[in-house]
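Structure, as structure tokens:
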There are 2 protein chains.
Amino acid sequence: MKPKGFQELQEAFKDQGMRLTYQRKVILDILRGTKSHPSAEMVYASAKRRIPNVSLGTVYRNLNVLKGCGMIQELDFGSSVSRYDANTSHHYHVRCIRCDKVEDVDLSTVAGLDRQVEDCMGYRAVTHRVEFQGVCPECWKG
Amino acid sequence: MKPKGFQELQEAFKDQGMRLTYQRKVILDILRGTKSHPSAEMVYASAKRRIPNVSLGTVYRNLNVLKGCGMIQELDFGSSVSRYDANTSHHYHVRCIRCDKVEDVDLSTVAGLDRQVEDCMGYRAVTHRVEFQGVCPECWKG
DNA sequence: TTATGTGCAAAATATTTGCTTTCCG
DNA sequence: CGGAAAGCAAATATTTTGCACATAA
């Protein structure tokens with residue numbers, strides 16, 4: 001379901017009339033290879049090491065494309081910058097309010113909440129997102 | 001606890017070395033008088049009806065001041081604009097992905113979640129925020 | 001009186017877009 | 001070859017800030 005090889009990846013894009021460019025692959029690889037939930041700027045910095053003349057616009061465009069394909073998800077935290085995650089399963093995040101680190105929360109997503117909102121508010125196709133924030137161990141120990 | 005009269009409001013600000021200006025009061029009144037969770041622009045538009053030459057900068061500055069005093073809270077949704085709420089109790093929100101309306105969710109906040117994250121992740125002073133999103137009745141009926 | 005706040009405009013931040021050139025398929 | 005994508009820069013959108021003047025206490 002999550003294509004790994006170049007071949008499968010290429011096909012996955014082709015089905016949607018899109019190409020697998022080198023830039024696109026690098027950006028996806030970066031996200032798949034980290035758990036740090038990087039921002040667009042961070043992805044850009046990382047991509048630049050492999051493609052020195054890559055542009056920030058290309059990074060943003062590809063992040064949006066990958067999001068559109070459901071290959072990555074965008075995390076919108078209180079902070080003004082979006083962060084991206086190649087783990088598209090429904091899981092929660094904690095953000096440290098001091099160092100701005102974002103980590104996955106190992107907590108089973110609270111089941112049935114979406115359904116409750118659909119029932120009591122009359123909404124449809126409801127999803128939800130939970131963001132925890134606090135001070136991480138490194139920050140409060142140091 | 002939530003000062004209403006001019007007198008008490010004035011004192012509440014004074015304690016923090018702040019003044020109760022007309023602009024500040026109008027902005028707070030606007031937020032206290034609506035359940036629509038307006039954005040800064042919306043507050044600005046509303047304030048302008050009462051203070052024709054009020055500036056957007058003043059609105060932003062006061063929203064931040066009021067937030068700092070804990071008199072209002074800022075809601076950061078996936079969308080790129082912040083919205084503001086004079087109801088500072090811990091409650092959840094739903095946003096309609098079609099018309100962008102934001103409503104309170106009548107659901108008791110899931111207790112104990114913050115504590116669980118503190119225990120299993122080692123964080124401190126954890127709070128959380130839940131945002132539901134879906135299609136509101138008006139949008140899917142129409 | 002005087003420090004805090006306002007209005008205005010310019011700056012800062014984050015992201016998107018137009019256009020020409022490049023390159024995937 | 002033809003259309004999708006890249007690179008670059010200019011444009012947007014939202015929020016913040018510097019400064020001279022006004023005002024609450």
Side-chain angles (χ1 to χ4, degrees), chain A residues 6-28 30 37-45 47-48 50-69 71-72 74-84 100, chain B residues 5-28 30 37-45 47-48 50-69 71-84 100:
Chain A
F6 188 88
Q7 201 91 293
E8 298 122 87
L9 207 48
Q10 192 174 45
E11 304 245 325
F13 281 116
K14 195 175 179 179
D15 289 345
Q16 319 199 20
M18 289 181 234
R19 295 174 184 173
L20 179 49
T21 61
Y22 182 51
Q23 288 84 340
R24 187 163 292 170
K25 177 137 192 347
V26 165
I27 289 166
L28 183 57
I30 288 168
H37 310 82
S39 64
E41 280 290 346
M42 291 161 158
V43 172
Y44 174 58
K48 235 176 166 168
R50 294 201 239 167
I51 315 169
N53 71 327
V54 73
S55 76
L56 186 56
T58 294
V59 171
Y60 272 106
R61 249 183 299 233
N62 277 308
L63 289 172
N64 283 328
V65 165
L66 294 170
K67 183 175 62 163
C69 295
M71 290 188 182
I72 65 173
E74 183 179 358
L75 310 177
D76 278 290
F77 284 94
S79 112
S80 53
V81 297
S82 284
R83 304 183 63 148
Y84 298 86
D100 225 45
Chain B
F6 188 88
Q7 202 89 291
E8 298 123 86
L9 207 47
Q10 192 174 42
E11 305 244 324
F13 281 116
K14 195 174 181 181
D15 289 345
Q16 320 199 19
M18 289 181 234
R19 295 174 184 172
L20 179 49
T21 60
Y22 183 51
Q23 288 85 338
R24 188 162 291 169
K25 177 137 191 351
V26 165
I27 289 167
L28 182 57
I30 287 167
H37 310 82
S39 64
E41 280 290 347
M42 289 161 160
V43 173
Y44 174 56
K48 236 175 163 167
R50 292 201 240 167
I51 316 170
N53 71 327
V54 73
S55 77
L56 186 55
T58 293
V59 170
Y60 272 106
R61 251 183 302 232
N62 277 308
L63 289 171
N64 283 329
V65 165
L66 294 170
K67 182 174 65 163
C69 295
M71 291 189 182
I72 65 173
Q73 64 173 319
E74 184 179 357
L75 310 177
D76 278 290
F77 285 94
S79 111
S80 55
V81 298
S82 285
R83 304 183 64 148
Y84 298 85
D100 224 46

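Letters go in sequence order (proteins before strands), and every chain restarts at 1. In this text the structure is predicted, and so the values were computed from the model without any measurement.
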Next item on the list: Give A:V54 one of three labels, base, sugar-phosphate or nothing, depending on what nucleic acid heavy atoms sit under 4.0 Å from its own.
Entry: sugar-phosphate
Next item on the list: Could you check which of C:dT15, D:dC8, D:dA5 has an atom nearest any side-chain atom of A:T21?
Entry: D:dA5
Notebook entry, point to check: Is B:Q10 touching bases, backbone alone, or none of the nucleic acid, heavy atoms closer than 4.0 Å?
Noted result: sugar-phosphate
Checklist line | Between CD on residue B:Q10 and CZ on residue B:R19, distance to nearest 0.5 Å | finding: 11.0 Å
Check: Any side-chain N or O of B:Q23 under 4.0 Å from OP1/OP2 of C:dG7?
Finding: yes
Check: Given C:dT16, is OP1 or OP2 found less than 4.0 Å from the side-chain N or O atoms of A:N64?
Finding: yes
Checklist line | Distance, rounded to the nearest Å, where B:D76 contributes CG and D:dT14 contributes P | finding: 14 Å
Item checked: Minimum-distance nucleotide (side-chain atoms of A:L56 versus C:dG7, D:dC8, C:dT15) -> C:dT15
Note to self: Taking only side-chain N and O atoms of B:S82, does any of them lie within less than 4.0 angstrom of OP1 or OP2 on D:dT15?
What the structure shows: yes
Next item on the list: Determine: side-chain N/O of A:Y60 to OP1/OP2 of C:dT16, distance under 4.0 Å, yes or no.
Entry: no
Note to self: If I take atom CG in residue B:L66 and atom P in nucleotide C:dG5, what distance separates them, rounded to the nearest angstrom?
What the structure shows: 11 Å
Check: Can you tell me if CD on B:Q7 sees more than 12 non-hydrogen neighbours from other groups inside 6.0 Å?
Finding: no
Item checked: B:N62 CG to D:dT15 P, straight-line distance once rounded to whole Å -> 15 Å
Notebook entry, point to check: Can you tell me how far P of D:dT16 sits from NZ of B:K67, to the nearest Å?
Noted result: 7 Å
Note to self: Nearest to the side chain of A:T58, heavy atoms from C-beta on, is which of C:dG7, D:dA6, D:dT15?
What the structure shows: D:dA6
Next item on the list: Round to the nearest Å and state the distance from B:R24 atom CZ to D:dA22 atom P.
Entry: 19 Å
Next item on the list: Would you indicate which nucleotide in C:dG5, C:dG7, D:dA4 comes nearest to any side-chain atom of A:R19?
Entry: D:dA4
Note to self: Distance check needed: D:dA25 P versus B:D15 CG, whole Å only.
What the structure shows: 13 Å
Detail all sub-3.5 Å separations between protein N/O atoms and N/O atoms belonging to nucleotides 9-13 of chain C.
none

Check: For A:R83 and A:D100, which heavy atoms make the closest approach, and how far apart are they?
Finding: NH1-O, 2.7 Å
Margin query: Reading DNA chain C from 5' onward, which residue's closest nucleotide shows up sooner: B:G17 or B:V59?
Written below: B:G17
